[in-house]
Amino acid sequence: MPELPEVEVLVRHLSPLLKGKIITAVQVHRTKVLLPTSPSQFTRALRGARFTGLSRRGKYLVFTLQRPRRRTPLTLLGHLGMTGRMYLAPASPPPLRHVAVMLRLGRQNFIYEDTRYFGRLTLDTSALARLGPEPLDPEFTPDALARALSRSSQPVKVKLLDQVVVAGLGNIYASESLFRARVSPCLSARKLTHKQVYRLWRAIRHVLAEAIACGSTVPLNHAGHGKRDGLFYFGRAAGAPDFYAKRLWVYDREGKPCSGCGASIKRIVQATRSSYYCPRCQHQRGRPRHRGRGKTS
DNA sequence: CACCATGTTCCTTG
DNA sequence: CCAAGGAACATGGT
């Protein structure tokens with residue numbers, strides 16, 4: 001469930017539910033997700049602490065807590081990796097398979113489960129310092145994007161996954177943004193024209209904002225365990241419409257017709273990850289490769 | 001069995 | 001020192 005929009009929707013969901021709750025017990029089932037914090041350090045710091053706030057930075061959840069008889073607030077950093085979920089559940093739940101950490105909050109539990117354990121729930125916040133601009137904040141300007149792309153010869157799709165370029169974009173929305181901007185994923189980052197950068201900038205913001213709006217509208221069930229939950233990041237409540245997946249124009253649509261022109265959507269591998277695009281709508285064309293010395297204008 | 005999967009970090013290579 | 005490429009992490013679905 002893990003790109004910026006999904007995390008944002010989760011944060012909005014959890015924030016009011018957590019506020020004011022006090023952690024009465026801590027259970028660590030997977031030491032790995034705490035690293036480099038140790039289990040004893042983690043447990044000691046959190047027991048007795050009260051949730052005061054929750055926000056998002058890139059794909060990270062930033063929890064703030066207040067500890068008894070302490071002035072400085074505590075920051076807890078969460079990341080969902082590929083398969084992480086965080087939700088509140090009744091204190092006596094059915095046995096769950098991949099619970100990494102459980103925090104008891106009176107009659108409820110805050111559960112972080114993660115089948116692949118790629119995610120994090122840790123007191124180490126150093127990862128935040130390595131993030132680039134928030135795409136929906138004013139600091140993210142067309143110029144900032146242009147500068148970030150200008151020094152890389154990597155394909156633009158690969159560069160967009162670099163969290164220094166823009167925080168929170170992942171494999172799905174990178175493809176979706178490029179489609180919306182009509183820019184080929186293969187184009188070298190530094191070869192985009194100003195116009196292409198501008199279109200990409202607008203596309204990124206549009207695509208992310210739309211996904212947040214969509215997730216905020218769909219009835220969600222973050223604790224849900226549907227097997228078919230793979231590609232729709234928010235667990236859908238029973239009976240909810242499937243228009244979330246339908247909003248994707250190219251991702252995971254190899255061989256299907258482009259909704260713009262009808263051409264077959266292509267899948268390619270870049271930096272060991274799948275990219276999807278329409279070969280007709282997204283032309284491989286940016287700055288001219290060489291300075292023209294011929295007759296063209 | 002083979003290949004695929006929403007992410008990040010670390011190591012090697014150039 | 002830096003950029004780029006790839007493997008590793010761990011588990012499950014198709």
Side-chain angles (χ1 to χ4, degrees), chain A residues 1-11 29-36 56-61 77-86 96-101 112-122 124-132 148-178 186 188-191 204 207-208 211-212 214-215 220 222 224-236 244-245 247-255 267-276:
Chain A
M1 121 146 200
E3 293 184 36
L4 182 153
E6 293 76 34
V7 178
E8 177 64 27
V9 169
L10 177 60
V11 161
H29 293 102
R30 279 282 180 145
T31 301
K32 188 200 171 209
V33 305
L34 310 180
L35 290 175
R56 179 193 58 74
R57 178 79 173 91
K59 300 169 195 169
Y60 289 90
L61 298 101
L77 195 65
H79 194 290
L80 298 171
M82 299 271 264
T83 53
R85 295 162 169 269
M86 293 183 186
L96 301 168
R97 266 200 293 293
H98 298 295
V99 175
V101 176
Y112 162 40
E113 63 167 339
D114 192 341
T115 53
R116 293 170 76 178
Y117 303 107
F118 285 178
R120 284 286 182 278
L121 191 61
T122 177
D124 171 36
T125 58
S126 60
L128 293 177
R130 294 189 284 269
L131 295 178
L149 296 178
S150 66
R151 278 173 246 96
S152 175
S153 59
Q154 281 182 302
V156 59
K157 155 65 164 50
V158 175
K159 202 59 191 165
L160 282 180
L161 297 180
D162 182 346
Q163 302 296 295
V164 174
V165 172
V166 48
L169 210 57
N171 205 38
I172 293 172
Y173 296 112
S175 277
E176 293 297 312
S177 298
L178 286 165
C186 304
S188 173
R190 68 157 73 106
K191 294 195 176 172
I204 290 168
V207 160
L208 294 178
I212 292 169
C214 174
L220 303 179
H222 292 277
H225 277 248
K227 290 284 173 164
R228 284 263 28 166
D229 275 13
L231 261 188
F232 53 98
Y233 318 53
F234 324 101
R236 238 175 347 165
Y244 181 82
R247 287 189 316 93
L248 300 180
W249 297 94
V250 289
Y251 184 82
D252 203 28
R253 299 195 68 240
E254 181 181 20
R267 169 184 176 271
I268 58 172
V269 174
Q270 299 179 293
T272 74
R273 315 207 54 195
S274 291
S275 300
Y276 299 88

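Below, all heavy atoms of this structure are taken into account, side chains as well, without hydrogens, waters or symmetry copies.
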(message) Using the P atom as the point on both nucleotides, what is the distance between B:dC3 and C:dA7, in whole Å?
(response) 13 Å
(request) Examine C:dG5: is either OP1 or OP2 under 4.0 Å from a nitrogen or oxygen in the side chain of A:Thr272? Give yes or no. (result) no
(request) Give a yes/no on whether any side-chain N or O of A:His98 is located under 4.0 angstrom from OP1 or OP2 of C:dG12. (result) yes
(request) For B:dC4 and C:dG6, measure between their P atoms and round to the nearest Å. (result) 14 Å
(request) Report the distance from atom CZ of A:Arg56 to atom C1' of B:dT6, rounded to the nearest whole Å. (result) 15 Å
(message) For B:dT8, give the paired nucleotide (Watson-Crick: N1-N3 plus N6-O4 or O6-N4; G-U: N1-O2 and O6-N3; both under 3.5 Å), or none.
(response) C:dA8
(message) Just the rounded figure in Å: distance from C1' of C:dA10 to OH of A:Tyr117.
(response) 9 Å
(request) Identify the two heavy atoms, one from A:Leu80 and one from A:Met86, that lie closest to each other, and give their separation to 0.1 Å. (result) CD2-CG, 3.9 Å
(message) Protein within reach of the bases, or only the backbone? For nucleotides 8-14 of chain B, mark each nucleotide 5' to 3' as B, S or -, using heavy atoms under 4.0 Å.
(response) SS-----
(request) Round to the nearest Å and state the distance from A:Arg116 atom CZ to C:dC9 atom C1'. (result) 9 Å
(request) For A:Leu96 and C:dG12, give me the distance from atom CG to atom C1', rounded to whole Å. (result) 17 Å
(message) To the closest 0.5 Å, what do you measure between CZ (A:Arg190) and CG (A:Leu149)?
(response) 11.5 Å
(message) As an exercise, state the distance from NZ of A:Lys159 to CZ of A:Arg151, rounded to the nearest 0.5 Å.
(response) 9.0 Å
(message) For a quick test of reading the model, state the closest non-hydrogen atom pair linking A:Leu121 to A:Gly78 and the distance between them.
(response) CD1-CA, 4.0 Å
(message) From CG of A:Asp114 over to C1' of C:dC9, roughly how many Å is that when rounded to an integer?
(response) 11 Å
(request) Please confirm whether the backbone N or O of A:Arg120 pairs with a side-chain atom of A:Lys32, one donor and one acceptor, at under 3.5 Å? (result) no
(request) Specify the separation, in whole Å, of atom NZ of A:Lys32 and atom P of C:dA8. (result) 14 Å
(request) Measure from the side-chain N and O atoms of A:Glu3 to the backbone N and O of A:Tyr173, and report whether any donor-acceptor pair falls under 3.5 Å. (result) yes
(message) Tell me the interatomic distance from A:Tyr251, atom OH, to B:dG7, atom C1', rounded to whole angstroms.
(response) 12 Å
(request) Taking A:Glu176 for its side chain and A:Trp249 for its backbone only, find out whether a donor-acceptor pair lies under 3.5 Å. (result) yes
(request) Measure distances between side-chain N and O atoms of A:Arg151 and base N and O atoms of C:dA3, and say whether any donor-acceptor pair falls under 3.5 Å. (result) no
(request) Consider the side chain of A:Ser274, meaning its heavy atoms from C-beta on, and name the nucleotide among B:dC4, C:dA10, B:dG7 that approaches it most closely. (result) B:dC4
(request) Please measure how far the C1' atom in C:dG13 lies from the corresponding atom in B:dT8, and state the result in whole Å. (result) 23 Å
(message) It should be established whether A:Ser153 places a side-chain nitrogen or oxygen under 4.0 Å from OP1 or OP2 of nucleotide C:dA4.
(response) yes
(message) Measure CG/A:Leu35 against P/C:dC9 and give the value in whole Å, please.
(response) 14 Å
(message) Using a 3.5 Å distance criterion without hydrogens, assess whether the side chain of A:Ser175 forms a donor-acceptor pair with backbone atoms of A:Tyr251.
(response) no
(request) Name the closest nucleotide to the A:Met82 side chain, picking from B:dC4, B:dG7, C:dA4. (result) B:dG7
(message) So if I take every side-chain heavy atom of A:Lys159 and compare against C:dA4, B:dA5, B:dG7, which nucleotide ends up nearest?
(response) C:dA4
